[in-house]
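A quick write-up on the structure given underneath.
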Protein chains: 2
Amino acid sequence: MVMANTIFDILKRNQLSVTDSRKNILELFQQTNGALAHADIEKKTDEQFDRVTIYRTLQTFVDKGIIHTIPTADNSVLYALCKDECTQGHHHDNHVHFICDDCNTTYCLDHVTVPEVSLPKGFNQKRTDVVVSGICNNCN
Amino acid sequence: MVMANTIFDILKRNQLSVTDSRKNILELFQQTNGALAHADIEKKTDEQFDRVTIYRTLQTFVDKGIIHTIPTADNSVLYALCKDECTQGHHHDNHVHFICDDCNTTYCLDHVTVPEVSLPKGFNQKRTDVVVSGICNNCN
DNA sequence: ATAATTTTTGCAACATAATTGCATTTGTTT
DNA sequence: AAACAAATGCAATTATGTTGCAAAAATTAT
C-alpha cells in the first residue's frame, strides 16, 4: 500500500481535522532536518499560535505516531518526525539520535540502527533509545 | 592509584567544601540503588535543605563528574552516581539505563555495556546514552 | 450551499519547575 | 581566633506545563 505524504493526507489518514496550526507545525517538521523543541516551534511559526495550542498539537502528533519525543540528558523535550509512521500507542523508533554539543542541533540518524542490548534476567525490553552526543559534521 | 571513597574524601578530592547538604545528598546517592530526581532528594532529606540548595548541589556534582544525568523519554531529570568518577567535563558513563514503565524505577545496569555505534562521516562521538524501557525484574 | 454538530483554538487562571541576586551563615585558611 | 572565601536560604522572577471554558473553525448532515 502506497501512502501519500502530503500534509493533508497525513492528517486525514490519522483522522485529524485539518487546521492551520497542525498544517503549519507539521510542515515545519518536514522542512527541518532534525528535532524541534516547543520553544523552537513557537519562534519558527512566528508566534501565530498559542503556547497551549502547540502543546496540544505536539501531544496529538505523538499520540498518533506522527512525531516522537527524543530523550535528552538535560531537561529539554525534543520532537522529531517518525520516518515510518508508527501505529498509535505502539511506537517503535529504532534509529539513533545525535545531539551536537556545539550547535545544539539534533539529528535523526536514520541509517544507524539501534544495536541489540541484552538485559539481565527478568527485565523485559519494550523500547530502546540511543542518544549520542558530540560534534556534528557541520561543526567539525 | 587507590582512591578512598568515603564521602569526605570524594568531596575533598573534588575541591569542594564539606557541607551538610553535600554530605547528606551524596550519602543518599550511595545508599540508593538507582537514580534520583530532584523531588526524591527533597523528600528523602526530610526537606531540611532548600530547593535551591539541592539544585546547586546537583549541578556542582554533575560539573565535577560525581553524578551524571540520565536522559529520560518523559520530561523528568534523573541523576545517578558515576561509578568511576569522570574527569570534569569529560564525562563517560558507558552503562545502560533501564526505566520500568510500571514502578518507574530507574536502574543503572552497570554490567550491560553500551554497544558501539558507528556514526556517519564527520560526526564525532563524545558520549552515548542508552535508555531501555520496559518491565523490570521486580514487576515481572 | 447552509445549518447543525463536533472539534479545536485561545484566553485566563493555575500549578510546577528552575534560576538569580543578595544578605546571612557556614566552612576554610591564616 | 580572626579574616577570608564559599555555600546556604530567602524572596523574587522566569520558564514550563496543565486545565476549564467560551469562541472560533472544521467537519458532517441536510
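Residue numbering restarts at 1 for every chain, and letters A, B, ... go by the order of the sequence lines.
Mapping B:His38 and B:Leu16 onto DNA chain C via the closest heavy atom, the residue that lands nearer the 5' end is B:His38. Nearest-nucleotide positions on DNA chain C place A:Phe49 closer to the 5' end than the other of A:Phe49 and B:Phe8.
Here the nucleotide nearest the side chain of A:Arg51, chosen from C:dA12, D:dT16, C:dA18, is D:dT16. The side chain of B:Val77 lies closest to C:dA18 when the candidates are D:dT8, C:dT8, C:dA18. Comparing C:dT9, C:dT8, C:dG10 by their closest approach to the side chain of A:Thr57 singles out C:dT9.
The aromatic rings of A:Tyr107 and B:Phe123 stand perpendicular to each other, their planes meeting at an angle above 60°, with 30° marking the opposite boundary.
Between B:Gln48 atom CD and D:dT8 atom P the separation is 12 Å, expressed in whole Å. Between B:Lys64 atom NZ and D:dA6 atom P there is a gap of 11 Å when expressed in whole angstrom units. In this entry the distance linking CG of B:Asn24 with C1' of D:dA7 reads 15 Å, nearest Å. In this structure, A:Lys43 atom NZ and D:dA15 atom C1' are separated by 13 Å, rounded to whole Å. At whole-Å resolution of the value, NZ in B:Lys23 and C1' in C:dG27 are 10 Å apart. As a whole-Å value, the separation of B:Asp20 CG from C:dT24 C1' is 16 Å. Rounded to an integer number of Å, the gap from CD1 of A:Ile54 to C1' of D:dT16 is 13 Å. For B:Gln59 and C:dT20, the CD to P distance is 10 Å, given to the nearest whole Å.
Within the 4.0 Å cut-off from OP1 or OP2 of C:dT8, at least one side-chain nitrogen or oxygen of A:Arg22 is found. The phosphate of C:dT8 has neither OP1 nor OP2 within less than 4.0 Å of any side-chain N or O from A:Ser21. The phosphate of C:dG27 (OP1 or OP2) has no side-chain N or O of B:Thr19 nearer than 4.0 angstrom. Contact annotation: A:Ser17 side-chain N/O to C:dT7 OP1/OP2 distance is not under 4.0 Å.
No side-chain heavy atom of B:Val130 sits less than 4.5 Å from a side-chain heavy atom of B:Val112. Using a 4.5 Å heavy-atom cutoff, the side chains of A:Arg22 and A:Thr60 are in contact.
For B:Asn24 (side chain) and B:Ser21 (main-chain N/O), no donor-acceptor pair under 3.5 Å exists by modelled atom type.
With values rounded to the nearest 0.5 angstrom, A:Ile10 atom CD1 is found 10.5 Å from A:Leu16 atom CG.
The base of D:dG17 lies outside donor-acceptor range of the side chain of A:Arg56, with no N or O pair under 3.5 Å.
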